[in-house]
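So the structure is just underneath, and the comments pick up after that.
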Amino acid sequence: QVQLVESGGRLVQSGDSLRLSCAASIRTFRSSAMGWFRQAPGAAREFVAAISSGGGSTYYADSFKGRFTISRDNAKNTLYLQMNSLQPEGTDVYHCATQYRFGSELADCVTWGQGTQDTVSS
């Protein structure tokens, strides 16, 4: 059974930085591409960033390029999302997911975490 547990979300100010973590209890974590997605209340879940199984390739949605960095530590079975220059967009829930194919498609995601919530105030 795969479990993904996100953490790190909190209330921050516009312009602040935040690092999210996703701890995976899965033996195949190291062979899985991983992604971060976010969802605002009442909105569809949207792609943020993805990383290949070895960490050598990353991919970002245009909205987050240059501000967000996805990384992973396979020795610790943990995925990260460093978010800088956060914009006052209100509340979002960030989810991590394993992917059977590296990329931005929700349909390629296999297992989801419950999410961690952050709120960026102006």
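Hydrogens, waters and symmetry mates are skipped; everything else that's a heavy atom, side chains included, is used. Remember, predicted model here, so these are calculated numbers, not experimental data. Starting from 1, each residue takes its place in the sequence as its number.
No continuous path of ILVMFWY side-chain contacts below 4.5 Å connects F64 to F37, so the two sit in separate hydrophobic clusters. Put simply, F102 and L106 are part of the same group of oily side chains (I, L, V, M, F, W, Y) that touch within less than 4.5 Å, one to the next. Cluster membership for V48 and V5, using ILVMFWY side-chain heavy atoms within less than 4.5 angstrom, is not shared.
Note that CG of L81 and SG of C22 are 10.5 Å apart. Values are rounded to the nearest 0.5 Å. Here the CG-CG distance, from D16 to L11, works out to 9.0 Å after rounding to the nearest 0.5 Å. Going from atom CZ of R10 over to atom CG of D118 covers 9.5 Å, rounded to the nearest 0.5 Å. Once rounded to the nearest 0.5 Å, the distance linking CG of L4 with CH2 of W112 reads 10.0 Å. Going from atom CD of Q82 over to atom OG of S71 covers 8.0 Å, rounded to the nearest 0.5 Å. Separation of atoms CD (E46) and CZ (R38) is listed at 4.5 Å; rounding is to 0.5 Å.
With S53 contributing its side chain and S32 its backbone, the two residues share no donor-acceptor pair below 3.5 Å.
For an aromatic pair to be called close, the ring centres must be under 6.0 Å apart, and Y60 with F47 fails this.
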Begin from the C-alpha positions of D92 and Q39 and carry the test side-chain contact (heavy atoms from CB on, under 4.5 Å) through to its verdict. CA-CA 5 Å; D92 293 290; Q39 188 167 20; over 6 Å; no
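Both tests do not hold together for R72 against Y80: distance to the six-membered ring centre under 6.0 Å, angle to the ring axis within 45°.
Few gaps surround CD on Q87; more than 12 heavy atoms of other groups in view lie less than 6.0 Å from it.
Taking the six-membered ring where tryptophan is involved, the planes of Y94 and F68 are tilted, since the angle between them lies from 30° to 60°.
Test I51, D73, L20 against L79 for side chain to side chain contact (heavy atoms under 4.5 Å, CB included) and you get one pass: I51.
By the side chain to side chain donor-acceptor pair (under 3.5 Å) test, Q117 pairs with no residue at all, sequence neighbours left out.
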